[in-house]
Amino acid sequence: MSVEYRKKILKYIYKAKAGHTGGSLSCVDILNVLYNDTMNVGPENFSSDDRDRYIQSKGHTVEALFVVLADKGFFPESDLETLCQYKSHYIGHPTRKVHGVEQNTGALGHGLSLSVGTAISAKLDDKDFRVFTLLGDGELPEGSNWEAALTASHYKLDNLCAVIDCNGLQISGPTAEVCNTEPLDAKFEAFGWSVRHVDGHNLKELQDTFAALPFEPGKPSMVIAHTVKGKGVSYMENELKWHHGVPSAEQYELAMEELGGVL
Amino acid sequence: MLVEKSVAAGQANLEVFSETLQSLALYDRDILVVTSDSRGSGKLGPFGTKFPKQIVEIGIAEQNLVGVAAGLASTGKKVFAVSPACFLTARALEQIKNDVAYSDNPVKLVGISAGVSYGALGTTHHSLHDFAVLRTINNITIVAPADNFETEQAIRLATEADYPVYLRFGKKAMPLLNAEETTFEFGKGRVIKNGGDLTLIATGETVLPALKAAQKLEMESGIQAAVISMHTIKPLDYKLLHEFAANGKPIITVEEHSVYGGLGEACASYLMQSGLHNRFRIVAIPDEYTVTGSQSEIFNHYGISETGIAEVAKEIL
Ligand SMILES: Cc1ncc(C[n+]2csc(CCOP(=O)(O)OP(=O)(O)O)c2C)c(N)n1
Ligand SMILES: [Mg+2]
């Protein structure tokens with residue numbers, strides 16, 4: 001579990017008095033492994049056409065992305081002090097005004113199409129870069145995801161990897177109750193993808209899974225990451241209200257204590 | 001002051017929406033609310049608990065939401081499709097055009113957290129295009145209520161309307177405006193304050209800053225500004241517009257929308273074509289990458305504020 005990142009996510013959400021807490025905590029281990037192990041991307045090669053691309057479809061959990069990008073050196077972490085403030089470029093969703101961000105997202109159901117386009121381009125130009133995208137489990141009913149899933153297998157995009165942050169919750173309730181999408185693996189397999197399940201908080205398992213890409217030549221890869229919304233802070237875990245809940249002073253201290261002390 | 005007092009008394013439009021629908025649903029089993037994971041944001045939790053058989057959850061799929069709502073409406077249900085205005089009117093625009101308006105399925109589209117209510121969540125979550133795109137679609141009434149009274153009336157009228165309606169709601173608590181007129185009809189603007197030196201025509205959440213600007217102008221400079229809540233963007237109240245333009249005094253429109261295609265251009269088009277050449281200004285969000293901030297910071301930045309509107313008034317007078 002990525003403890004330092006978690007503390008920073010909470011720190012900046014607490015400071016901004018806004019943010020998507022639960023979903024940032026559920027996806028940050030995935031981002032940790034992608035940015036620090038799997039992907040060939042950083043400030044040093046960000047202007048290179050050969051860099052790996054990461055597109056966050058579940059844009060609302062931008063705090064996890066910003067914290068990881070700061071750690072990679074894309075911008076000084078102190079910039080995040082201005083998160084969501086008047087005139088800041090650090091808004092509540094990914095925006096290309098922030099160095100390191102590939103695409104402006106926030107409306108759900110766009111990331112997979114954007115990623116498919118980017119991956120097709122790599123194929124057309126015989127380039128080796130890979131494209132990664134992170135989807136929420138609640139965003140899957142957007143029809144565009146399924147349109148993009150078809151295009152991805154049609155063009156045999158084995159340079160594309162989509163990860164679903166399967167935390168089982170969205171805003172109004174459990175995903176299974178709002179709009180059941182299970183069985184996800186069978187659906188994506190039927191759409192021509194190669195699918196693997198992973199514990200989305202086990203860094204080693206994530207590393208090994210991404211190291212095995214592509215899972216099958218000629219097919220796009222889907223990682224169904226089983227996660228816990230609010231992971232790492234006991235009172236936030238699996239609690240609906242922490243989707244965009246902001247901790248009070250006492251709650252903030254309690255969370256930091258659980259994570260091993262204030263930054 | 002009256003306005004300040006009534007602001008405190010007001011509820012968010014969405015709370016009024018939820019309560020009004022609950023009181024109506026009690027006697028009308030045909031009322032249905034359709035949501036796209038928007039039950040919480042739409043303050044519809046209590047409605048869902050009380051009337052579990054009158055709420056249909058679709059999940060995060062706004063195009064599907066509107067198509068399904070149109071299907072439900074075609075069977076005689078009184079359907080409110082509730083989703084953030086940004087997604088409802090952009091993503092599902094084709095469903096609105098074809099399945100609702102063109103096909104005459106009288107869905108009530110409820111765009112929540114409209115305009116820049118979502119503040120620092122940014123452009124993906126702003127709806128500064130909705131008046132413009134919906135105005136060009138035949139057979140849809142567009143309404144942005146300015147206070148709790150207008151909201152409640154609009155919901156009651158929409159429930160019984162046998163034609164498509166778009167209701168545009170913001171997020172924050174709304175005032176109870178001290179209106180001189182107490183009737184409410186779609187397509188009939190509401191005079192909030194009379195005044196013979198200029199006319200401020202506003203809609204939705206911008207009526208309050210317009211009214212405050214009028215009060216400021218009066219107190220500081222003795223300028224008498226009329227204030228109209230033009231809650232219905234389409235069909236626009238040409239008669240009222242004509243009446244207030246007839247004195248030849250300046251007109252300023254105010255809206256939480258792009259400068260293009262909204263209330264301002266709708267008024268300008270009518271005035272020009274009617275040979276009414278009043279001095280005229282549009283206060284709205286300019287065509288640029290919208291500044292980051294809360295709704296009120298964005299309003300202040302672009303002069304949709306007591307001082308901003310008063311300044312424009314002084315310039316134009
Ligand atoms: C097109 C669109 N519809 C609705 C929303 C509002 N919204 C933001 S987050 C969210 C729930 C997302 O749930 P999920 O994908 O499961 O994300 P997570 O649990 O990882 O936070 C919703 C409905 C949106 N951002 N975009
Ligand atoms: Mg989820």
Side-chain angles (χ1 to χ4, degrees), chain A residues 13 16-20 56-60 62 82-98 101 103-111 135-147 169-181 240-241 243-245, chain B residues 33-45 47-49 52 55-68 82-92 94-95 112 116 118-127 289-302:
Chain A
I13 288 178
K17 294 274 167 278
H20 287 84
Q56 188 163 307
S57 192
K58 44 168 272 182
H60 56 285
V62 70
T82 69
L83 182 68
C84 290
Q85 285 177 10
Y86 180 49
K87 290 191 173 174
S88 173
H89 287 329
Y90 297 84
I91 65 168
H93 287 105
T95 150
R96 280 170 157 172
K97 293 219 164 168
V98 172
V101 173
Q103 294 286 0
N104 296 354
T105 52
L108 295 166
H110 287 251
L135 306 163
D137 51 357
E139 82 166 296
L140 293 177
E142 288 289 3
S144 51
N145 289 313
W146 301 96
E147 297 176 22
L169 292 179
Q170 49 193 107
I171 296 184
S172 318
T175 300
E177 287 172 26
V178 175
C179 177
N180 185 24
T181 52
L240 211 51
K241 70 169 182 191
H243 174 77
H244 42 28
Chain B
V33 171
V34 193
T35 51
S36 54
D37 198 15
S38 45
R39 177 185 306 226
S41 330
K43 305 252 183 281
L44 290 162
F47 182 95
T49 311
I55 188 160
V56 180
E57 175 60 67
I58 299 297
I60 307 173
E62 293 77 12
Q63 298 177 310
N64 192 27
L65 169 89
V66 176
V68 169
V82 184
S83 191
C86 51
F87 313 125
L88 185 66
T89 61
R91 199 183 198 99
E94 184 166 292
Q95 279 76 7
I112 62 178
V116 293
Y118 279 125
L121 291 183
T123 296
T124 56
H125 282 56
H126 296 164
S127 52
Y289 202 108
T290 307
V291 73
T292 301
S294 64
Q295 184 193 38
S296 64
E297 284 166 339
I298 296 172
F299 273 20
N300 287 332
H301 185 85
Y302 294 118

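Order of the sequence lines sets the chain letters (A, B, ...), proteins ahead of strands, with each chain counted from 1. The structure displayed is predicted, hence computed values, not measured ones.
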Pairs of heavy atoms under 4.5 Å with chain B: top-ranked of T95(A), L240(A), V178(A), N145(A):
V178(A)

What part of D37(B) lies closer than 4.5 angstrom to a heavy atom of chain A: side chain, backbone, both or neither?
both

Part of T105(A) lying under 4.5 Å from any heavy atom of chain B:
backbone

Pairwise side-chain contact, H20(A) with L121(B), heavy-atom cut-off 4.5 Å (strictly under):
yes

Can you name the nearest heavy-atom pair linking P141(A) to A61(B), along with the distance?
O-CB, 3.4 Å

Can you check whether E57(B) reaches E177(A) side chain to side chain, under 4.5 Å on heavy atoms?
no

How far does OG1 of T124(B) sit from CG of L108(A), to the nearest 0.5 angstrom?
9.0 Å

Residue among G143(A), S172(A), C179(A), A107(A) with most heavy-atom pairs under 4.5 Å to chain B:
S172(A)

Residue part contacting chain A, namely of E297(B), when any heavy atom lies under 4.5 Å:
both

Per-residue contact mode, I58(B) against chain A (heavy atom under 4.5 angstrom):
backbone

Test item: H89(A) and T292(B) side chains (from C-beta on) under 4.5 Å apart, heavy atoms:
no

Neighbour count >12 (heavy atoms, 6.0 Å) for atom NZ, K17(A)
yes

For the residue pair H93(A) and H125(B), does the interplanar ring angle fall in the parallel (under 30°), tilted (30 to 60°) or perpendicular (over 60°) class?
parallel

The interface call for S294(B) against chain A, heavy-atom contacts under 4.5 Å, is neither

Y289(B), part contacting chain A, at a heavy-atom distance under 4.5 Å
side chain

With a 4.5 angstrom heavy-atom cut-off, is it the side chain or the backbone of Q170(A) that approaches chain B, or both, or neither?
both

Would you compute the distance between atom CD of E62(B) and atom CD of E142(A) and round it to the nearest 0.5 angstrom?
4.5 Å

